[in-house]
Amino acid sequence: MTDAPRSPLDLTLNLTHRPRRNRKADWARRLVRENVLTANDLIWPIFVVEGENVRTPVASMPDVERLSVDQAVAAAQRAAELGIPALALFPYTDPGLRDAHGSEALNPENLVCRACRAIKAVVPGIGLITDVALDPYTSHGHDGLLEGETILNDETVAVLVEQALNQARAGADVIAPSDMMDGRIGAIRAALDSEGFTDVQIMAYAAKYASAFYGPFRDAIGTNAVLVGDKRTYQMDPANSDEALREVAADLDEGADMIMIKPGLPYLDIIRRVKDRFEAPTFAYQVSGEYAMIMAAARNGWLDGEKAMLESLLAFKRAGAKGILTYFAPRVAEMLKKGA
Ligand code: PBG
């Protein structure tokens, strides 16, 4: 003889804690919510290209376009209206202007400098972050000077210092070195100070990994086609985490005002460790490949793009990021304005 199966209704749970109570209604969920995403958290990366009234699509980044300077000014106006605090500028340099030394980086009339001046003239209140690294300007696509197969460190830092000064003179508010050379933060800080740019901030790409997720960005700035080899002798090994803490410690020590972890979602553990250890303004870069993945899946109808976008950005806040560089910035800001 077998016992009849017990009905689930016979079960008496004597629970002290029922975490679902705090989730029972929208008002209750809003009341206990620990993190929120606002427009203040967003930094919008923009690609700048030569010309007038030009917007060229980036195939691997749906809805992202390279903008001529006049269009970048319009984007800055839009950003200001949406309450986005800052833009990060990246140039698509004409192939004819790229050389082994990245000399265009030092041209006071280069695209980024012209964009800075044009934007500041029309939208003075928006923060401008400029990228310090030579890859948009070198014929080999590396962030530094190449000798044989070696990226020279100290020689590169000397050029990066000049690049940073060039950008500061054009009105950049924040210098963001993404090159991963050793010692560049201290060298740039000293040079900025000696030219009187004591208020120009430095956002250091402190822990930047040698990542496959940068592919679409390299399409956008036209370096995928020319890049020789990879960047593993200067960008970090994705296997490492303690090393990120040493990188951040060094950059803060050398005078970084803000630090950044890059890529984003695959490296949330690094953001959390860095935030807990240093309690410094910590930013995350949701990079081009992360953007492309969400957009591609959404376009295939495989996930809800808007929900995935918002969830991914909230995840950065939860991990401890103060803000996020994201190509979704204008779209998210628009949704937040409408009360998403
Ligand atoms: C280069 C730079 C890269 C990105 C920002 N600055 C790419 C690289 O290191 O090759 C990537 C951003 C993205 O993928 O969205 N100095």
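Both counts, for ligands and for their atoms, begin at 1 and track the order of listing.
- Contact annotation for Val287 and ligand 1: heavy atoms of both the backbone and the side chain come within less than 4.0 Å of the ligand.
- The shortest contact between atom 16 (N) of ligand 1 and any protein heavy atom is with Ser178 OG, 2.7 Å.
- By the 30° and 60° cut-offs, the orientation of the rings of Tyr285 relative to Tyr205 is tilted.
- In this structure, Glu290 has no heavy atom closer than 4.0 Å to ligand 1.
- Between the choices Lys208, Gln235, Arg218, the shortest heavy-atom distance to atom 2 (C) of ligand 1 belongs to Lys208.
- Checking Ile221, Leu67, Thr93, Val69 one by one against Val48, the side chain to side chain contact (heavy atoms under 4.5 Å, CB included) holds for a single residue, Val69.
- Ranking the protein heavy atoms by distance from atom 12 (C) of ligand 1 puts Phe217 CD1, 3.3 Å first.
- Short contacts between ligand 1 and Lys231, defined as distances under 4.0 Å to a heavy atom of the residue, involve ligand atoms 8 (C), 9 (O), 10 (O).
- Other residues, nucleotides and ligands contribute more than 12 heavy atoms inside 6.0 Å of the CZ atom of Arg29.
- Side chains of Asp219 and Ser60: a donor on one and an acceptor on the other come within 3.5 Å.
- Side-chain atoms of Ser312 and Gln286 include a donor-acceptor pair closer than 3.5 Å.
- Through direct or indirect side-chain contacts shorter than 4.5 Å among Ile, Leu, Val, Met, Phe, Trp and Tyr, Val49 is connected to Val54, Tyr92.
- Remark: ligand 1 atoms within the under-4.0 Å shell around heavy atoms of Asp135 are 1 (C), 2 (C), 16 (N).
- Heavy atoms of Gln286 come nearer than 4.0 angstrom to ligand 1 in no pair at all.
- Phe217 and Phe47 have their aromatic ring centers within a separation under 6.0 angstrom.
- Under 4.0 angstrom from ligand 1, the non-hydrogen atoms of Ser288 come from both its backbone and its side chain.
- Taking 4.0 Å as the cut-off, Tyr291 does not count as a neighbour of ligand 1 on heavy-atom distance.
- In the vicinity of Ala133, heavy-atom distances shorter than 4.0 Å reach the ligand 1 atoms 16 (N).
- Listed by number with element, the atoms of ligand 1 under 4.0 angstrom from any heavy atom of Lys262 are 2 (C), 3 (C), 4 (C), 5 (C), 6 (N), 11 (C), 12 (C).
- Heavy-atom contacts of Tyr285 reach the following atoms of ligand 1: 12 (C), 15 (O) (cutoff under 4.0 Å).
- The side chain of Tyr327, and not its backbone, has at least one atom closer than 4.0 Å to an atom of ligand 1 (non-hydrogen atoms only; side chain from C-beta on).
- Checked by distance only, ligand 1 and Tyr205 stay at 3.5 Å or farther apart across all their nitrogen or oxygen atoms.
- Atom CD of Glu311 sits in a sparse spot, with 12 or fewer heavy atoms from other residues, nucleotides or ligands closer than 6.0 Å.
- Every atom of ligand 1 with a heavy atom of Asp143 under 4.0 Å away is listed here by number and element: 1 (C), 16 (N).
- Cation-pi contact between Lys208 and Tyr214: present, with separation from the ring centre below 6.0 Å and deviation from the ring axis of at most 45°.
- Counting side-chain heavy-atom gaps under 4.5 Å among Ile, Leu, Val, Met, Phe, Trp and Tyr, the cluster of Trp27 also holds Leu31.
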